[in-house]
Amino acid sequence: MFQKIEQFFKNYGWFLLAAGFWGVLILTVQSFYQYPTSDNYFMLAHDKLIREQGFVTTEMLRMHPGFDFVIPQWLFAMFFSLCINGFGYAIGYKVAGILVFGIFLISFYFMISRLYKKSAACLIYGTLLTALVFAIFNGVRPYYITVSVLLIEVVFLEEYLKSKRKVYLIGIPILSVFLINVHNSLWVALFLVLLCYLAEFLLLSIRERVFKREFGFLLLCTGVSFLAGLINPYGMDYIFYIYHSMDSIQPLIPIIGELKSMYTQLSLPFILVTAWMVIYFLLHIRKIPIRMILLFFGFYLASVFYVRNLILFLTVGQLGMFYVLKGKDGEFRKKWYNNSKRCFLFLGITFLVMFSMTQVDFCSGRSFYQAVDKINKINKEDASDTTIFSSITDAGSYATMFGYRAYMDGCAEVYGYSNNKKFDVAKEFMKYADSLEGIEHLISKYDFDYLILLDDVEEELRDDGYRLVEHFSKDSNGEKDYDIYLYQSIR
């Protein structure tokens, strides 16, 4: 009996696990994807800035004049804005999401079916990974496009190694040009993948004392891809954007969830699944090529430090796991290939349909966004002459979309000295924004027109010349949300 149970889980275990995660995802997608991310709001402001002023090098949207500035991920911002302007907020958000998620699904399926032909185990495992990705990364953001580019990159690289046809390497510089303009802050990921392939052939050359031609061609491809990255509106500033950005946001890491370790941000089931992946990988590590080992542990360690890198680990980092699973694809699972293919496609389409049916609250969904909507109603000055301080940076992004001068918004890297070359607003925010005394210090320095705070300090702020306008505490569903207090300057 125990042997039958063991055989059952051996044959169906992957399928049951994938089905379980997809079941939870399908049941929760309409609430999980209801609200846009703060990035979506400032993207609209960035696209408008490009259309009106071109690719500016001085910050013109927030309340801090003269900051050095490059418009991040400009091509994705333009795409997102095109969807919103063409279809309206709610429908446009869904159109953008369906296209972005659809591109990711197609790229992931293409990579699995191309490199691991006729493997039911790989497709079922890919179905599980897709559910995990959609459950963790719930925004219409350029991360999905970045991952799609990297998946296509590894297809080119693996096909090159298999066939020795150098034509496959031509596609990688093209991907470099596309990625630097879509998501410049993660352009470096393209080279992290290449580095793993270079490291394998360098080690083989040293061990065998014979120069591997593949190393030379990959090194040339890497150099050409780097030069291709210069084809962007800001040249070298775009290439080194990630370096300056990571330094700029250091003070803000305690309040940015995606920049914390996955072990502090994920629930226990997700942590157990990733831990199981590591154990399973280690048990089969002797069979796995060096490049795949480096991809797996490289992106795993990146996820340990910053949870947002988990999307890279769950996709490109899994090449080694796919490699192992294909070797275990026995006769039983081969018979399951067509069913597993239909399962992947069916669940992917189901997710897109469920997402398209989601009631998106693009505006006014959260209590802190409602505070900005209230400002829209009562403000008599031009938005570009109105300054806003918010304890929650997401509200700053929403305000930026409407043209207000936010003290800080969700585009966190703008506010560090390494990027703006003028003043470390990020450090100032973390020092003063968490106490009444600190906020009063900021008021005396900046004389804000409106304050969006988490505390009821009406009595204390009266002497500073502010009145309480309204208290917001519920989201658009009537559920409890942040307690938000909106204050207006009456000086």
State, to 0.1 Å, how close [X] and [Y] come at their nearest heavy-atom pair, and which atoms those are.
X	Y	result
Met111	Val154	CG-CG2, 4.0 Å
Leu190	Ser225	CD2-CB, 4.4 Å
Gln34	Gln359	CG-O, 3.3 Å
Phe80	Ala96	CD1-CB, 3.8 Å
Phe67	Phe423	CZ-O, 4.0 Å

Check the side chains of [Y] and [X] for a donor-acceptor pair under 3.5 angstrom, ignoring hydrogens and angles.
X	Y	result
Ser397	Asp39	no
Tyr197	Glu214	no
Asp409	Thr393	no
Glu413	Asn419	no

Do the side chain of [X] and the main chain of [Y] share a donor and acceptor less than 3.5 angstrom apart?
X	Y	answer
Tyr238	Ile71	yes
Tyr234	Thr57	no
Ser303	Asn309	yes
Lys326	Tyr323	no

Problem - Salt-bridge contact Arg114-Glu159 (side-chain N to carboxylate O under 4.0 Å) - result: yes
Handout entry: Salt-bridge present (Asp68, Lys422; N to O < 4.0 Å)
Key =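 Looking at Asp68 and Lys422, the cut-off is met.
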Hey, are the side chains of [X] and [Y] touching, using non-hydrogen atoms and a 4.5 Å cut-off?
X	Y	value
Pro142	Met43	yes
Lys94	Phe362	no
Met430	Leu252	yes

Handout entry: Centroid-centroid distance, Phe429 to Tyr415, less than 6.0 Å
Key =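 Ring centres of Tyr415 and Phe429 not closer than 6.0 Å.
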Handout entry: Tyr33-Phe101 aromatic ring centre distance below 6.0 Å
Key =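 Yes: the rings meet the under 6.0 Å criterion.
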Would you call the rings of [X] and [Y] parallel, tilted or perpendicular, where under 30° means parallel and over 60° means perpendicular?
X	Y	result
Trp187	Phe226	tilted
Phe355	Tyr93	tilted
Phe296	Tyr300	parallel
Phe137	Tyr143	tilted

Practice task
Please test Tyr369 against Tyr35 for ring pair (Phe, Tyr, Trp, His ring centres under 6.0 Å), starting from the C-alpha separation and ending with a verdict.
Solution key: CA-CA 11 Å; Tyr369 296 149; Tyr35 305 117; 7.8 Å; no
Are there over 12 heavy-atom neighbours, none belonging to [X], within less than 6.0 Å of that residue's [atom1]?
X	atom1	value
Leu203	CG	yes
Phe55	CZ	yes
Arg213	CZ	no

Practice task
Step by step, work out the side-chain contact (heavy atoms from CB on, under 4.5 Å) result for Phe191 and Ser176.
Solution key: CA-CA 9 Å; Phe191 296 91; Ser176 175; 4.3 Å; yes
Exercise for the section: Given ring pair (Phe, Tyr, Trp, His ring centres under 6.0 Å), test Phe76 with Phe79 step by step and report yes or no. Expected result: CA-CA 5 Å; Phe76 190 88; Phe79 153 76; 5.5 Å; yes
Practice task
Apply the test salt bridge (charged side-chain N to carboxylate O under 4.0 Å, His left out) to residues Glu158 and Arg291: give CA-CA distance (whole Å), side-chain angles for both, the deciding distance (0.1 Å), then the verdict.
Solution key: CA-CA 11 Å; Glu158 292 294 325; Arg291 62 186 182 276; 2.8 Å; yes
